[in-house]
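First listed ligand is number 1; within each ligand, the first listed atom is number 1.
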Amino acid sequence: MTSPSRRALIAGNWKMHRTIAGSVELARAIADGARIGARTDVVVAPVATALAAVATALRGTAVQVAGQHCHWEDQGAFTGEISAEMLADAGCRWCLVGHSERRHLFAETDAMVHRKTVAVLRRGLVPIVCVGETLAEREGGVTFEVLRRQWQGAIGDLTGDDALRFAGGLVLAYEPVWAIGTGRTAKASDAQAAHAYLRDRIRHDFGDVADRVRILYGGSVKPDNAAELLAQPDVDGLLVGGASLDAAGFSRIIQAAG
Ligand code: 13P
């Protein structure tokens, strides 16, 4: 985390955990307990049913709210889906897009990730676009190929200007699938190599905007490994799953960002 042009971003993805009351309690504990640096953004992504209540509880604090996913249309006959507009209405400023669990468990394709990214940007929310290779892909030596395909699939014909014009920018999250929920964090040097590769691709497609796009690392981030990951020059923040469900631990991760 070096560049003066990028604020740190620590995001907690609560996945399918917590009731409304439990989410509000966790959100309050994080907002009350964490010492949030002046150059750090903190975001939590509760379940959809808790979004509005959490956003209300966090009003006036430094913690913001993200949706975990959305549909690309504003409204329509899409049973079970939520639009970016509805997320904004519930108080969200951010939305995860293309999380590996969406890609692998719910068959989200690169083309869908692109449509969602555009929809989120158009609504004025910040997309946190997730990319990452499986273990087989890493062992097969195709990690960078996968990252390149997922990055290009997500942006499609978007330009760097588009990404910055619509909202507070675009955020990428590198989440190696084999590190998610496994307790097996990527080595800091491997994370850095993937992030540097992604920043190169962003520069290739977006030019100097690459210096402003934040790239988060996600996958078994814990209070004990956060600082080492954040010390890498191209790691601009963290996307935290399991450890974000514990207010004290998540607060320590936030503190590691400064
Ligand atoms: P864990 O931190 O539980 O490995 O989850 C990472 C993740 O998927 C965040 O989006």
Is Lys222 in contact with ligand 1, taking contact as a heavy-atom separation below 4.0 Å? no
Residue pairs, two or more places apart or on separate chains, that pass side-chain hydrogen bond (donor to acceptor under 3.5 Å, both in side chains) and touch residues 125-144: Glu133-Arg138, Glu133-Tyr174, Glu133-Trp178, Thr134-Glu137, Arg138-Tyr174
Nearest-neighbour protein heavy atom for atom 5 (O) of ligand 1, which is reported as residue plus atom name and distance: Lys15 NZ, 3.2 Å
Going by side-chain hydrogen bond (donor to acceptor under 3.5 Å, both in side chains), Asp41 matches just one of Arg93, Arg214, Gln64. Which one? Arg214
Among all protein heavy atoms, pick out the one at the shortest distance from atom 3 (O) of ligand 1; state its residue, atom name and that distance to 0.1 Å. Gly242 N, 2.8 Å
In terms of hydrophobic clusters joined by side-chain contacts under 4.5 Å, are Tyr197 and Leu229 together? yes
What protein heavy atom sits nearest atom 4 (O) of ligand 1, and how far off is it? Gly181 N, 2.6 Å
Among protein heavy atoms, which sits nearest to atom 7 (C) of ligand 1, and what does the distance come to when rounded to 0.1 Å? Glu175 OE2, 3.1 Å
Determine whether more than 12 heavy atoms belonging to other residues, nucleotides or ligands lie under 6.0 Å from atom CD of Glu145. no
Identify, for atom 2 (O) of ligand 1, the protein heavy atom at the shortest distance, and state residue, atom and that distance. Gly241 N, 2.9 Å
Just which atoms of ligand 1 are under 4.0 Å from any heavy atom in Ala179? 4 (O)
Looking only at heavy atoms, which two atoms of Ala27 and Leu58 are closest? And how far apart? O-CD2, 3.6 Å
Which ligand 1 atoms are under 4.0 Å away from a heavy-atom of Ser220? 1 (P), 2 (O), 4 (O)
Under 4.0 Å from any heavy atom of Asn13, which atoms of ligand 1 are there? 9 (C), 10 (O)
For the 3.5 Å polar cut-off, considering only N or O atoms, please tell me whether Val240 and ligand 1 meet it. no
Which residues pass the side-chain contact (heavy atoms from CB on, under 4.5 Å) test with His114, not counting sequence neighbours? Val118, Asp157, Leu158
Which atom names give the shortest non-hydrogen contact between Ala50 and Thr19, and what distance separates them? CB-O, 4.5 Å
Just which atoms of ligand 1 are under 4.0 Å from any heavy atom in Leu239? 9 (C), 10 (O)
Would you check if there is a donor-acceptor pair between the side chains of Gln232 and His195 at a distance under 3.5 Å? no
